Amino acid sequence: MKIRGIEIEKISDQLWEIPPVDGMRVPGRIYISQDMLEKTGLADESLKQVVNVAHLPGIQKYSLAMPDIHWGYGFPIGGVAATDFENGVISPGGVGYDINCGVRLARTSLEYTVVENRISKLIENLFHNIPTGIGSSGAIKKLSAKEIKNILVKGSKWAVENGYGTDEDIESTEENGQLQNADPSVVSERAIERGMDQAGTLGSGNHFLEIEVVDKIYDEDKAKAFGLFKGQIVIQIHTGSRGLGYQVCEDYLKILIKAEQKYGFNLPDKQLACAPIQSKEGHDYLTAMKCAANFAWNNRQVIMNLTKRTLQQTLGMSDSDLGFGLIYDVAHNIAKIEKHEINGELKKVCVHRKGATRAFAPGSLFIPEKYRTAGQPVLIPGDMGRYSFIAAGTSKAMEETFGSACHGAGRVQSRHKALAAAKGKNLVKELNEKGILIHAAGYKTIAEEMPHAYKDVSEVVDVMNNAGIIVKVAKMRPIAVIKG
Amino acid sequence: MGYKFIDHTADIAVEIQAHSLAELFQFASAALIESLTNPHTVLAVEKKTIIFFADSYEEALVSFLSELNYFLTVKKWVFSHIENICMEQEDSKIKFSAIVKGENLSVDHELKLEIKAITYHQMEIKFKKEYYTTRIVFDI
């Protein structure tokens with residue numbers, strides 16, 4: 001069949017392929033169900049973007065898209081591409097402006113039924129303690145440029161060294177919250193300036209902090225390994241590298257647009273600007289991106305610790321009573337140097353995950369020892385009115401998607417349409433009636449982020465689960481939400 | 001001539017039509033201001049000068065709007081008027097300059113949203129039938 005002029009063939013109930021044509025170096029592959037395909041029709045430019053990504057020099061096997069695919073800049077959101085480390089390119093379009101935007105999930109030993117009547121006070125205090133919204137700042141004292149540079153090198157370790165967490169938090173973070181060889185000398189002064197007062201801030205848009213209840217367990221063994229039980233209170237945090245990351249992307253797009261012309265790649269989209277990984281331009285971008293990724297991990301670590309402190313103060317609980325701890329933290333906008341089996345050989349590649357989550361299999365040495373039997377926790381947030389999921393990575397993900405899975409629901413309605421649909425409604429009241437309390441910097445954000453502006457995340461997760469890329473572990477429902 | 005917001009699933013997209021490049025940049029900045037704040041709440045009591053070099057008009061447009069966004073998000077300085085937009089060829093580069101008027105951000109100003117970046121997505125400044133056109137997408 002053809003969608004917007006692009007030939008697409010069905011491989012299985014969850015997988016579709018675009019055969020290579022006109023300069024595509026590899027086929028495109030999209031994980032999506034027939035039902036989702038018919039409903040969304042991939043009516044935006046996202047399929048064309050899968051085709052564009054297949055043009056990248058050094059791309060391996062496939063230009064991939066997860067079922068939450070939608071229109072992005074350069075890559076589609078939900079796009080995954082691995083490029084040869086020696087002869088391939090790196091592209092900021094495969095990472096995005098919000099470098100290391102990601103999610104973390106923290107557990108408590110609290111049962112919902114026990115703290116139900118304290119949730120209102122709790123979310124009020126969290127909203128007070130965690131800076132949220134446009135240009136939010138001041139979660140912790142304004143840092144000097146020297147301290148910001150320390151964060152860029154150390155990532156989450158900076159937070160722990162400064163009293164915002166524990167060594168166990170570090171162990172439960174992808175890459176231990178610190179990409180190695182991050183050198184701040186390639187990060188612009190303006191990027192540092194944009195990060196100065198933003199460590200520990202949530203920001204705006206679709207970023208959030210949620211208090212959730214574990215609503216359903218799908219896999220008891222894996223849930224146990226992740227420390228989850230039905231009725232448990234957990235905290236989910238979604239944010240990234242804030243202004244610092246946006247600036248790194250902006251700075252290097254400018255450089256890489258020129259590099260792409262210099263190397264004569266002639267790619268179909270300016271936002272796909274790239275440079276050889278082994279070139280100065282490519283190396284500098286990768287290094288600066290690592291710095292921004294470390295800033296983001298530190299950011300989520302600080303926010304989580306402020307959350308823990310707020311929970312303790314509000315509920316008057318000791319560390320041991322609260323049982324607070326990080327389950328896992330995953331990046332979903334990042335490029336990583338990894339080794340994957342390609343045509344029977346272990347090959348070093350640069351895996352771009354743009355709105356896609358790493359989903360490493362049981363046994364991987366790159367996941368915490370405590371999860372090596374279950375597989376890597378994969379965090380998939382939904383919209384604020386329905387549910388989120390936690391799943392585990394599989395060996396099939398290693399074989400088919402460079403160990404990657406979906407990252408969320410994906411918008412189906414523009415902010416403008418969502419605002420129009422919200423007119424005359426009292427969304428706060430509607431959510432309250434569903435048992436969800438909400439605090440936001442402004443009502444407009446609530447309207448723009450209304451549940452029906454998003455795909456049903458369960459459909460996205462089911463495609464990945466049925467394709468064997470992940471195994472569903474648990475479903476969480478929000479009971480209190482902070483929006484930027 | 002002017003600018004109009006067009007529907008975009010996740011972000012803000014604007015289409016612009018202008019008689020000249022300077023007017024195109026003027027309309028683009030007006031679209032940015034309208035997206036970020038209510039310009040009627042901003043007093044043009046202070047001015048700043050923007051000067052930079054670019055390799056293309058697209059790069060100049062992204063740099064210009066990014067600079068304005070930087071004033072707001074980092075310098076906490078909100079603007080309402082752009083004047084004297086000038087672009088001239090200097091060697092192989094485009095020299096851009098403009099004057100921006102506004103004031104320090106305060107609780108009196110309405111802030112609508114945070115723009116992460118001005119993207120190059122679908123941006124191509126074209127000249128046809130005596131007017132300039134382009135599309136700009138703001139990543140939010």
Side-chain angles (χ1 to χ4, degrees), chain A residues 43-46 49 70-74 77 93 96-98 101 133-137 190-191 193-198 203-207 240-243 245-247 249-251 253-254 257-258 261 269-273 410-418 441-442 444-445 448 453 484, chain B residues 4-14 35-38 52-67 69-78 92-93 105-107 109-125 134-140:
Chain A
D44 55 22
E45 292 287 323
S46 54
Q49 292 185 320
H70 57 283
W71 199 359
Y73 304 116
I77 312 292
Y97 283 97
D98 194 358
C101 184
I134 302 163
S136 49
S137 61
R190 180 165 287 192
E193 188 185 4
R194 283 181 80 169
M196 296 274 250
D197 59 354
Q198 293 196 332
S204 64
N206 62 357
H207 293 157
S241 49
R242 310 282 287 110
Y246 314 156
Q247 190 65 44
C249 182
E250 191 178 312
D251 291 341
L253 257 182
K254 211 177 274 185
I257 283 172
K258 284 164 198 161
Q261 288 159 358
D269 180 1
K270 202 173 252 188
Q271 289 271 155
L272 265 187
R411 287 191 81 93
V412 283
Q413 205 172 50
S414 71
R415 288 169 203 276
H416 179 73
K417 279 187 183 148
K444 189 166 167 274
T445 307
E448 287 176 349
Chain B
K4 64 172 181 186
F5 292 97
I6 54 171
D7 212 38
H8 188 287
T9 317
D11 295 316
I12 294 176
V14 193
S35 302
L36 291 170
T37 185
N38 176 358
F52 61 79
F53 290 89
D55 285 335
S56 66
Y57 288 114
E58 284 84 2
E59 185 188 327
L61 186 53
V62 169
S63 297
F64 169 49
L65 299 178
S66 300
E67 194 68 14
N69 197 33
Y70 164 78
F71 285 155
L72 181 64
T73 57
V74 182
K75 296 296 184 190
K76 313 293 182 206
W77 191 82
V78 64
S92 58
K93 300 266 185 188
L105 187 63
S106 76
V107 287
H109 300 120
E110 181 197 353
L111 285 186
K112 294 179 180 173
L113 51 83
E114 183 174 69
I115 290 178
K116 286 181 192 166
I118 315 302
T119 76
Y120 286 94
H121 188 73
Q122 294 185 326
M123 182 188 283
E124 194 181 353
I125 298 175
T134 194
R135 181 180 281 200
I136 310 172
V137 180
F138 305 146
D139 184 359
I140 54 173

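Chain letters run A, B, ... following the sequence lines, proteins first and then strands; every chain starts at 1. Just so it is clear, the model here is predicted, and its values are computed rather than measured.
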message: Is I118(B) in contact with chain A via its backbone, its side chain, both, or neither, using a 4.5 Å heavy-atom distance?
response: backbone
- prompt: Checking heavy atoms, do the side chain of E250(A), its backbone, both or neither come under 4.5 Å from chain B?
  reply: side chain
task: Answer yes or no: is there a donor N or O on one side and an acceptor on the other, between the side chain of Q271(A) and the main chain of H121(B), under 3.5 Å?
output: yes
field: Region of E58(B) that comes under 4.5 Å of a non-hydrogen atom in chain A
entry: side chain
query: Between the side chain of Q198(A) and the main-chain N/O of G243(A), is any donor-acceptor distance below 3.5 Å?
result: yes
query: Using non-hydrogen atoms only, which part of Y70(B) is less than 4.5 Å away from chain A: side chain, backbone, both, or neither?
result: side chain
- prompt: Does E114(B) reach the main-chain N or O of I140(B) with its side chain, forming a donor-acceptor pair under 3.5 Å?
  reply: no
SB check K75(B) E67(B) (cutoff 4.0 Å): no
Residue, of Q247(A), R411(A), H416(A), that accumulates the most heavy atom pairs under 4.5 Å with chain B: R411(A)
Region of Q261(A) in contact with chain B, defined by heavy-atom distances below 4.5 Å: neither
query: For I257(A), is it the side chain, the backbone, both, or neither that has a heavy atom closer than 4.5 Å to a heavy atom of chain B?
result: side chain
- prompt: Going by an N to O cut-off under 4.0 Å, is there a salt bridge joining K417(A) and E448(A)?
  reply: no
